Number of protein chains: 2
Amino acid sequence: MRITGKRISESTIHRLSLYFRSLGILEKEGYVTVSSKDLAQREKLTPAQVRKDLSFFGQFGTRGLGYPVVELRQQIAEILGINRKWNVALIGIGNVGSALVSFKEFIRQGFIIKLIFDNDQRKIGSFNKGIEVHDVTNLRQMLNKHNIELVIIAVPASVAQRIVDEVVDAGVKALLSFAPTNLRVPSNVTMRTVNMAIEMEHLSFHLTNENLYYTA
Amino acid sequence: MRITGKRISESTIHRLSLYFRSLGILEKEGYVTVSSKDLAQREKLTPAQVRKDLSFFGQFGTRGLGYPVVELRQQIAEILGINRKWNVALIGIGNVGSALVSFKEFIRQGFIIKLIFDNDQRKIGSFNKGIEVHDVTNLRQMLNKHNIELVIIAVPASVAQRIVDEVVDAGVKALLSFAPTNLRVPSNVTMRTVNMAIEMEHLSFHLTNENLYYTA
DNA sequence: GCATGTGAATTCATTCACAGCT
DNA sequence: AGCTGTGAATGAATTCACATGC
């Protein structure tokens, strides 16, 4: 990766994911090159935005021609760190957890759920899509033993912080949480939260305040 | 609501949701007032940010004292439009859909799933948490008949755009999509997308590029 | 004294516009 | 001619700092 001195914003990372998906489609459609203009159109962005985002990481295009579809896709995969497999553990195999285990996109992208944990004795020992459910009390040693690098938290809000602390303690540096509560992690750990209630509130806000510009 | 002439950003709306949650906890903990400093600390924001966000909608605090917890929470509920019930339809009762039906937070917040749709004959007519699964071919008339204001899309990517078009056609102005694909809606319709693969890619990016500041 | 509310200042993100290469 | 790559300009979001009121 190119050394740049620039700070990469979260929105740039997000857009790289979008480009990655569009490039996959373009590849299937047989395109060899794509211009920033085309790519921007597909994602409802500006061409300048696309070029700027990519420029943080290097020079991938050819002036007058555009970007090579297959190669750029591979480069973005490298930047995003999805040109490899990641060992993932899922904690909590309730409704959300079960849905995640079946989420094919995860596997396709190299996020391999190696371990499932729960605290429900009826679930422990059972199998879910071929993966055994383990007792959450063995969390720390199991995470280390299986070199888990990424943990998905799908437990009730009431126990989420305790689980997060254990996971962080085990040395895991990346967490995805579905618990609808505020969780704390040290600054050297990345946590992302998916909160569906908050998404719904965005929608109800927009429905309630149809005109976003309030007149003075 | 106060008429302001200011544009409300998506991030402000997001933070209002966070404040709403923190105020709920503060209320349970018995707090009567809260300062912007306290609220900011709980959400890892700055006090100025909290005050600015609230100032877009009115003056809710008392100088020298802070904000009244119960009242401010109620005010934010009004702003977000969650001081009422919304009629919701869920389209697609696969893994994700099933998880959503069981998501208690939705009910608690007033998002009432009135209708479920699917195209699988084995599912149509069955009940899920007391809600009947309907044939998706009757989508439009059913949405209108039951005054559905908000639709959750939990169908495979391949059919998502077609379903979205029908939903928009039925006059629905707010959609939450879980389909991992780019969907288009007219500009007078709000759509939010939850893409778990993209969340995972953020994490793998951070794991891969531990030091976000690249040296020149 | 304490904490809000808000213009002004600053920081961060996006877009412009054009030099440079194919 | 066409399109990238990138400093400069613009625009948006956040933070500062202080006047205002309890």
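These numbers were taken from a predicted model, which means no experiment stands behind them. All chains are named by letter (A, B, ...) in the order of the sequence lines, taking the proteins before the strands, and each is independently numbered beginning at 1.
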Should [X] be listed as having a side-chain N or O under 4.0 Å from OP1 or OP2 of [N]?
{"X": "A:S36", "N": "D:dT4", "value": "yes"}
{"X": "B:Y67", "N": "D:dC22", "value": "no"}
{"X": "A:R7", "N": "C:dT11", "value": "no"}
{"X": "B:T62", "N": "C:dT4", "value": "no"}

Does a distance-only test, which skips hydrogens and angles, find a donor-acceptor pair under 3.5 Å between the side chain of B:R63 and the base of C:dT4?
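Flag set: donor-acceptor pair detected.
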What nucleotide among [options] has an atom nearest to a side-chain atom of [X]?
{"X": "B:K52", "options": "D:dT6, C:dA8, C:dT14", "value": "C:dA8"}
{"X": "A:S35", "options": "C:dG5, C:dT15, D:dC3", "value": "D:dC3"}
{"X": "A:Q49", "options": "C:dT14, D:dT14, D:dC16", "value": "C:dT14"}
{"X": "B:R51", "options": "D:dC22, D:dG5, C:dG5", "value": "C:dG5"}
{"X": "B:S9", "options": "C:dA13, D:dA13, D:dC22", "value": "D:dA13"}
{"X": "A:S11", "options": "C:dT14, C:dG5, D:dG5", "value": "C:dT14"}

Can you tell me the distance, in whole Å, between the [atom1] atom of [X] and the [atom2] atom of [N]?
{"X": "A:L72", "N": "D:dT4", "atom1": "CG", "atom2": "P", "value": "11 Å"}
{"X": "A:F56", "N": "C:dT15", "atom1": "CZ", "atom2": "C1'", "value": "12 Å"}
{"X": "B:L45", "N": "D:dC16", "atom1": "CG", "atom2": "P", "value": "13 Å"}
{"X": "A:L65", "N": "C:dG20", "atom1": "CG", "atom2": "C1'", "value": "15 Å"}
{"X": "A:D53", "N": "C:dA13", "atom1": "CG", "atom2": "C1'", "value": "10 Å"}
{"X": "B:F60", "N": "D:dG21", "atom1": "CZ", "atom2": "P", "value": "19 Å"}
{"X": "B:K44", "N": "D:dT14", "atom1": "NZ", "atom2": "C1'", "value": "18 Å"}
{"X": "A:Q59", "N": "C:dG20", "atom1": "CD", "atom2": "P", "value": "14 Å"}

Among A:K173, A:R192, A:E10, which residue satisfies the side-chain hydrogen bond (donor to acceptor under 3.5 Å, both in side chains) criterion with B:H206?
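Checked A:K173, A:R192, A:E10 against B:H206; only one passes side-chain hydrogen bond (donor to acceptor under 3.5 Å, both in side chains): A:E10.
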Would you call [X] and [Y] a salt bridge, taking side-chain N to carboxylate O under 4.0 Å as the test?
{"X": "B:R84", "Y": "B:E149", "answer": "yes"}
{"X": "B:R73", "Y": "B:E78", "answer": "no"}
{"X": "B:E201", "Y": "A:R15", "answer": "no"}

With A:F178, the side-chain contact (heavy atoms from CB on, under 4.5 Å) member among A:N195, A:N95, A:T193, A:V194:
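Result for side-chain contact (heavy atoms from CB on, under 4.5 Å) with A:F178: A:V194.
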For A:T12, answer base if it contacts any base atom (sugar-phosphate contacts may also be present), sugar-phosphate if it contacts only those atoms, and nothing otherwise; contact means non-hydrogen atoms under 4.0 Å.
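If one applies the 4.0 Å heavy-atom cut-off, A:T12 turns out to touch nothing in the nucleic acid.
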Parallel, tilted or perpendicular, judged at 30° and 60°: which one describes the rings of B:H14 and A:H202?
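Correct class here is tilted.
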Starting at the 5' end of DNA chain C and moving along, which residue's nearest nucleotide shows up first, A:G64 or A:A48?
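Checking each residue's closest nucleotide, the 5'-ward one belongs to A:A48.
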